[in-house]
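As structure tokens, the structure follows; a few thoughts come after it.
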Amino acid sequence: MQRTYECMCLLDNREVRNGWEPLKQAVTGVFTKHGGNILSARRWDERRIAYPIKGQNRGTYLLVYFAAETQSVTAIRRDLQFNESVLRSLLLDCEEVPQSAYEPEAAFDVNAIPPDDSDAVTEVETPAEEASGEEASAEDASGDAEPAADAKTEDK
Amino acid sequence: MSSTYSDRDSRDGDSRDGGGPPRRKFGRFGARRREVLPEEPLEYKNVAYLAKFVSANGRIQSRKRTNFSGQNQRKLALAIKQARMIGLLPFVGRL
């Protein structure tokens, strides 16, 4: 039975810097190898990871929509785990592919990727992507330590 | 029959002054809860929205705070956990 799936892959920036298209082909090749039919494969974002993975603080996300037999999903998951350039992957069922997935991918300059220890957010003109971290709530709680009420209670 | 129940209540419950309903130790969950619908889709890619429901320590907020329905609270928890797995949200601490 054929179903549509969605797979988010976190790719190692060290591999991405060697070339985006060859790496993308290599990762999507995992899906086609097991009989998957690629519907869409786009770069989702390049951003700082929430916690270091394999010594990397940044990574590039690749979002793949594909149709495959249900029996092949286990093999695809296993192959993604064996792939050295894929740091993490999340493979889920997908009801329908969003229209934004069919839009052409924005140009991606791998040389513009910030260094691994950088906090910079590279928002490379992706039209369908506005979920950047504008929630940078770095406000510190004001240290309103109340002065101890040293009112003397004198009983007479 | 009713007298049997009232006897049991007065014995087991912490009824005050012997009369009235048994006093509860904690407030009834969701007693005056106003159900809130999510403003944005609860999916793991919507990181900025999910981060609003994560405490400073990285814990998922309870239904008492989110005021979501049970179904939406389960969707929220799943989405946050998926985002954690893929490295979009931290397991511990703030983003």
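Just so you know, these numbers come straight off a predicted model, no measurement behind them. Lettering of chains follows the sequences in order, A, B, ..., and the numbering in each one begins at 1. Because only heavy atoms are used, hydrogens play no part in the values below, and waters and symmetry mates are left out as well, while side chains stay in.
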Minimum-distance pair of heavy atoms, taken over all atoms of A:A50 and B:P90: CB-N, 3.4 Å
Shared hydrophobic cluster for B:V92 and B:V47 (ILVMFWY, side-chain gaps under 4.5 Å):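 Yes, B:V92 connects to B:V47 through the hydrophobic network.
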Single-linkage hydrophobic cluster, 4.5 Å side-chain cutoff, A:M8 and A:Y102 together: yes
Other residues, nucleotides, ligands: >12 heavy atoms within 6.0 Å of A:R3 CZ: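 Atom CZ in A:R3 is not packed in, count stays at 12 or less.
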B:Q71 CD: over 12 foreign heavy atoms closer than 6.0 Å: no
Ring pair (Phe, Tyr, Trp, His ring centres under 6.0 Å) contacts in which one or both residues fall within residues 69-95 of chain B, not counting sequence neighbours: A:Y51-B:F91
Listed once per pair and sorted, the ring pair (Phe, Tyr, Trp, His ring centres under 6.0 Å) pairs that draw on residues 9-32 of chain A, sequence neighbours left out: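 Non-adjacent pairs meeting ring pair (Phe, Tyr, Trp, His ring centres under 6.0 Å): A:W20-A:F108, A:F31-A:F66.
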In residues 34-41 of chain A, what donor-acceptor pairs under 3.5 Å come from side-chain atoms, sequence neighbours left out?
residue: A:H34; atom: NE2; partner: A:D79; partner atom: OD2; Å: 2.8
residue: A:S40; atom: OG; partner: A:A101; partner atom: O; Å: 2.7

Residues of residues 85-98 of chain A with any heavy atom under 4.5 Å of a heavy atom in chain B: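 Checking residues 85-98 of chain A against chain B gives A:R88, A:S89, A:L90, A:L92.
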Interatomic spacing from CD in A:E6 to NZ in B:K45 - rounded to 0.5 Å: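 Rounded to the nearest 0.5 Å, the CD-NZ separation comes out at 3.5 Å.
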Side chain, backbone, both or neither of B:I86 within contact of chain A (heavy atoms, under 4.5 Å): both
